[in-house]
**Q** 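One structure follows; several queries about it will come next.
By convention in this document, chain letters (A, B, ...) are assigned in the order of the sequence lines, proteins followed by strands, and residues within each chain are numbered from 1.
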Protein chains: 2
Amino acid sequence: MQLLHDAHLKITDARKIALHYLEKEARPVDAEEILEHLRKHKLATDRATVYRMIETFLEKDIINRFEFGEGKFRYELSGSDHHHLVCEHCGRIEDISDCGIEEWEKVVKKKKGFIIKHHSLEFFGMCRSCQR
Amino acid sequence: MQLLHDAHLKITDARKIALHYLEKEARPVDAEEILEHLRKHKLATDRATVYRMIETFLEKDIINRFEFGEGKFRYELSGSDHHHLVCEHCGRIEDISDCGIEEWEKVVKKKKGFIIKHHSLEFFGMCRSCQR
DNA sequence: TTACTTGCAAAGGCTTTGCATCGCC
DNA sequence: GGCGATGCAAAGCCTTTGCAAGTAA
């Protein structure tokens, strides 16, 4: 895979399948889900390997880490600045983009002298299907 | 304390001192900090008690829970809608208010049919003092 | 070959739970 | 006195780490 090659990472089965999974899911998945997916593909991968893989991908900026108040982390392939709509009824997590952070950066810099490097913004509520 | 009385909670030393601490700190503190504070006040409080206290306060909406990518939760006295500036250099967490969420609620409702109940918004970067 | 990856086992950090006792109202 | 609150001990989840063996380049 190009992503792995570009990051100077060795191309192993576990990494290939995990990346493919992240790409296919296109939503924040947790370590356990990655592990389960690998095992479905007959890979006897260890939990420790998954966490080390995640650590490596984070360092190489291949994935990003998110939190949704679950007491655990979720990961998603890096991409454009975007946020999430978390349905508290069905658990579905949908992407949403353009949060207008630029405005905030200016205001916060001026008012507080604080320089924003990055931010987290997640919305919790109820998705359309669950409202029916 | 009025807060405890209004919530129909028994007024115990641990709860009184913990609430006073949360009020004084006015920043998101974690369970361990609450425990340490209680012990400084000669209370041989157990860690389990702190977590149960937190659970109760959350249910009664006396406090709110936040995450800052630390793999643990932090808690702050409930109040107006506000967010945080997390300095990644010194760790200081500062409050900031008015995130203009109303705009978002309208847009998200219209575009995605998603109803926002609450949200989390945190900024990470470097505070004024750490820039020197 | 050789440095990077992985498996296995153990531990570590944060949080929750069962149960008997204690204490606020 | 009664029911909620607490202490103690143990366990549960998620994540990290040490070390030896395996493997991609």
**Q** Could you state the CD1-C1' distance from B/Ile34 to C/dC14, rounded to the nearest angstrom?
**A**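 Computing the B/Ile34:CD1 to C/dC14:C1' distance gives 13 Å.
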**Q** When you measure only distances, ignoring hydrogens and angles, does the side chain of A/Arg47 come within 3.5 Å of the base of C/dG7 through a donor and an acceptor?
**A**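 For A/Arg47, whose side chain was compared with the base of C/dG7, there is no donor-acceptor pair (under 3.5 Å).
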**Q** Between B/Asp13 and A/Ile11, who's closer to the 5' end of DNA chain D by nearest nucleotide?
**A**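 Closest to the 5' end, via its nearest nucleotide, is B/Asp13.
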**Q** Do the rings of A/His84 and A/Phe66 sit parallel, tilted or perpendicular, given the 30° and 60° boundaries?
**A**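 It falls in the perpendicular class, over 60°.
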**Q** Any side-chain N or O of B/Thr45 below 4.0 angstrom from OP1/OP2 of D/dT6?
**A**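 Negative; the distance criterion is not met.
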**Q** 5'-most contact on DNA chain D: A/Ala48 or B/Ala48, nearest heavy atom basis?
**A**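 Whichever sits nearer the 5' end wins; that is B/Ala48.
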**Q** Between B/Arg39 (CZ) and D/dT6 (C1'), how many Å, whole number?
**A**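 Between C1' of D/dT6 and CZ of B/Arg39: 13 Å.
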**Q** On DNA chain C, compare the nucleotides closest to A/Thr56 and B/Asp46; which residue's is nearer the 5' end?
**A**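 Nearest-nucleotide comparison on DNA chain C picks A/Thr56.
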**Q** What contact category does B/Ile54 fall into here, base, sugar-phosphate, or nothing, at under 4.0 angstrom with non-hydrogen atoms?
**A**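 If one applies the 4.0 Å heavy-atom cut-off, B/Ile54 turns out to touch nothing in the nucleic acid.
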**Q** Check the distance between D/dA5's P and B/His8's NE2 and give it to me in whole angstrom.
**A**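 Rounded to whole Å, this separation is 12 Å.
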**Q** Give a yes/no on whether any side-chain N or O of A/Tyr51 is located under 4.0 angstrom from OP1 or OP2 of D/dT15.
**A**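 It does, given that an N or O in the side chain of A/Tyr51 lies less than 4.0 Å from OP1 or OP2 of D/dT15.
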**Q** OP1, OP2 of D/dG7 versus side-chain N and O of B/Thr49: anything below 4.0 Å?
**A**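 The answer is yes; a side-chain N or O of B/Thr49 sits under 4.0 Å from OP1 or OP2.
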**Q** Could you state the atom-to-atom distance from CZ of B/Arg52 to P of C/dT16 in whole Å?
**A**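 My rounded result for the distance is 11 Å.
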**Q** Measure distances between side-chain N and O atoms of B/Arg15 and base N and O atoms of D/dG4, and say whether any donor-acceptor pair falls under 3.5 Å.
**A**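 In this structure, the two groups form no donor-acceptor pair.
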**Q** Rounded to whole Å, please give me the gap between CD in A/Glu67 and P in D/dC13.
**A**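 In whole Å, D/dC13 P lies 20 Å from A/Glu67 CD.
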**Q** Measure the distance from CG on A/Leu4 to C1' on C/dC4 and round it to the nearest whole Å.
**A**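 Atom CG in A/Leu4 sits about 13 Å away from atom C1' in C/dC4.
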**Q** State whether A/Arg27 and A/Glu94 are salt-bridged, where the test is any N-O pair (Lys NZ or Arg NE/NH1/NH2 against Asp/Glu carboxylate O) under 4.0 Å.
**A**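 A salt bridge is absent here (no side-chain N lies under 4.0 Å from a carboxylate O).
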**Q** Find the distance B/Lys10:NZ to D/dG1:P and express it as a whole number of Å.
**A**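 It is 15 Å, rounded to the nearest whole Å.
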**Q** Quick one: does B/Leu85's side chain get under 4.5 Å of B/Ile93's, heavy atoms only?
**A**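 The answer is no, as the side chains (C-beta and beyond) never meet within the 4.5 Å cut-off.
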**Q** Hey, can you tell me if A/Phe68 and A/Phe124 have their rings parallel, tilted or perpendicular (30° and 60° cut-offs)?
**A**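 Ring orientation of A/Phe68 relative to A/Phe124: perpendicular.
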**Q** Just how far, in rounded Å, is P of C/dC14 from OH of B/Tyr75?
**A**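 It works out to 11 Å between those atoms.
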**Q** Please tell me if A/Thr12 has a side-chain N or O lying less than 4.0 Å from either OP1 or OP2 of C/dT6.
**A**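 Yes, A/Thr12 has a side-chain N/O under 4.0 Å of OP1/OP2 on C/dT6.
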**Q** A/Arg15 and A/Leu4: which non-hydrogen atoms are nearest, and at how many Å?
**A**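 Of all heavy-atom pairs spanning A/Arg15 and A/Leu4, the closest is CB-CD1, 3.8 Å.
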